[in-house]
2 protein chains.
Amino acid sequence: MTTSPSSNAPQAAEVIQLLLRSTHHIQQQYEARLSALSLPFPLSGPRLRLLLAVWKAEPIRMNELAGKLGVKARTITDLVDALERDGLLIRVPDPMDRRATLLRLSAEAVPHIENVKRIQKDISESLLERLAPEQRGQLFGLLSLLAGDCEVHFVC
Amino acid sequence: MTTSPSSNAPQAAEVIQLLLRSTHHIQQQYEARLSALSLPFPLSGPRLRLLLAVWKAEPIRMNELAGKLGVKARTITDLVDALERDGLLIRVPDPMDRRATLLRLSAEAVPHIENVKRIQKDISESLLERLAPEQRGQLFGLLSLLAGDCEVHFVC
DNA sequence: TATTGTTATACTCTATAACTATA
DNA sequence: TATAGTTATAGAGTATAACAATA
């Protein structure tokens, strides 16, 4: 009496592989649609992730930002260099600690970010079109459970 | 009367962001545990993905492999160069078409792959430990629905 | 002595364009 | 003329190690 893998408990490895595969596809869609926007600057996944993290926590130290994004400080330096060159971020000395540097969004960045947030919403809606509202709630619940308490530390 | 986001329909963007964040975490765990194995060769995500795709479809043309993995042919050349240098893959001329090259796993690769499959299973179990069997089934079902029919074309 | 961010360097993954050999 | 794979080149994202300025 075999049952379909979607209604009965599948192997753990199958679930994880399906999860990785789905996300791979979603990430590709995401990046493709963001690139298609013809913004005045390139907007890759890591660049957007950094911008949104600053947007949510501004002003924020480079060091703290590295922690939130789960990358090394060295990686932040290069990304911020590029984003500052594009006029999206500003480095400000931290008055509390002269070793540290704070990051802020530039004035021009703000409307772009708001635009991107709207587009994120559209993209997300179309990616989820196959799921009914109730199923979206279920998926959200299961993913929250899966992520446990790691979710507080990272941004995406 | 507000309800918790896990029991009621959340915003689409929230669901997608949680999905991307969870997967980011899972990928990091995955790669970290694979690196910790001290195998006689490095085993990054893309390298493993390629090896498993060959393992499932062997012998397979480089061209077709590129399609399955969703990358350009040029990318395959470099990855295969490195894996061949590490003694894991073998290039074989295609008898049907002298332009084409077939890929096979080397004899030494096979036990390593089997080892990796076992480890994948362990990692997956520990990543899913918070979900009951029934919930795993639900998650699998929702992700299948989400992925639609794209899942046939890609490997992970 | 420890920490913040940078310079210097390098590796992996990915891509486009031009080329070779075959079809 | 079109396709399979390679050489040549480039760019993004990541890392380690050594160093400067400051704590």
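Chain identifiers are assigned alphabetically (A, B, ...) following the order of the sequence lines, protein sequences preceding nucleic acid strands; residue numbering begins at 1 within each chain.
To the nearest angstrom, C1' of C:dT12 lies 11 Å from CD of B:E31. As a whole-Å value, the separation of B:R49 CZ from C:dT12 C1' is 14 Å. What separates CZ of B:R47 from P of C:dT12 is a distance of 8 Å, to the nearest Å.
Put simply, chain A comes within 4.0 Å of DNA chain D, heavy atom to any atom, from D:dG13 to D:dA23, going 5' to 3'.
Remark: A:E84 engages A:R91 in a side chain to side chain contact (heavy atoms under 4.5 Å, CB included) (not counting sequence neighbours). Listed by chain and residue number, A:R33 satisfy the side chain to side chain contact (heavy atoms under 4.5 Å, CB included) test with A:S126 (two or more places apart in sequence, or in another chain). Scanning for side chain to side chain contact (heavy atoms under 4.5 Å, CB included) contacts around B:A12 gives A:S124, A:E125, A:L128, A:R136, with sequence neighbours left out. Scored by the side chain to side chain contact (heavy atoms under 4.5 Å, CB included) test, B:L79 finds B:R47, B:L50, B:T75 as partners (sequence neighbours excluded).
For the helix from C:dG5-D:dC19 to C:dA23-D:dT1, the angle separating the two terminal helix axes comes to 0°, with each axis derived from five pairs and the value rounded to 10°.
Nearer the 5' end of DNA chain D, as judged by each residue's closest nucleotide, is the contact made by A:P42, out of A:K72 and A:P42.
Listed by first and then second residue, the ring pair (Phe, Tyr, Trp, His ring centres under 6.0 Å) pairs that reach into residues 59-84 of chain A come to none, sequence neighbours excluded. Within the structure, every pair that satisfies the ring pair (Phe, Tyr, Trp, His ring centres under 6.0 Å) test and touches residues 33-55 of chain A, not counting sequence neighbours, is listed here: A:F41-A:H112. The ring pair (Phe, Tyr, Trp, His ring centres under 6.0 Å) pairs that include a residue from residues 63-88 of chain A number zero, where partners must be two or more places apart or lie in different chains. Pairs engaging residues 71-106 of chain B under the ring pair (Phe, Tyr, Trp, His ring centres under 6.0 Å) rule: none recorded [sequence neighbours left out].
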Using a cutoff of under 3.5 Å, can you pull out all pairs of nitrogen or oxygen atoms linking the protein to nucleotides 4-6 of chain C, with atom names and distances?
unit_1	atom_1	unit_2	atom_2	d
C:dT4	OP1	A:N63	ND2	2.9
C:dT4	OP2	A:N63	ND2	2.8
C:dT4	O5'	A:N63	ND2	3.3
C:dG5	OP1	A:T101	N	2.7
C:dG5	OP1	A:T101	O	3.1
C:dG5	OP2	A:N63	N	2.7
C:dT6	OP1	A:R91	NE	2.9
C:dT6	OP1	A:R91	NH2	3.2
C:dT6	OP2	A:T77	OG1	2.9

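Taking a 6.0 Å sphere around CD of B:Q27, one finds it holds more than 12 heavy atoms contributed by other residues, nucleotides or ligands.
Apart from B:I90 itself, the hydrophobic cluster it occupies contains B:V92, B:L102, where clustering links Ile, Leu, Val, Met, Phe, Trp and Tyr at side-chain heavy-atom distances under 4.5 Å.
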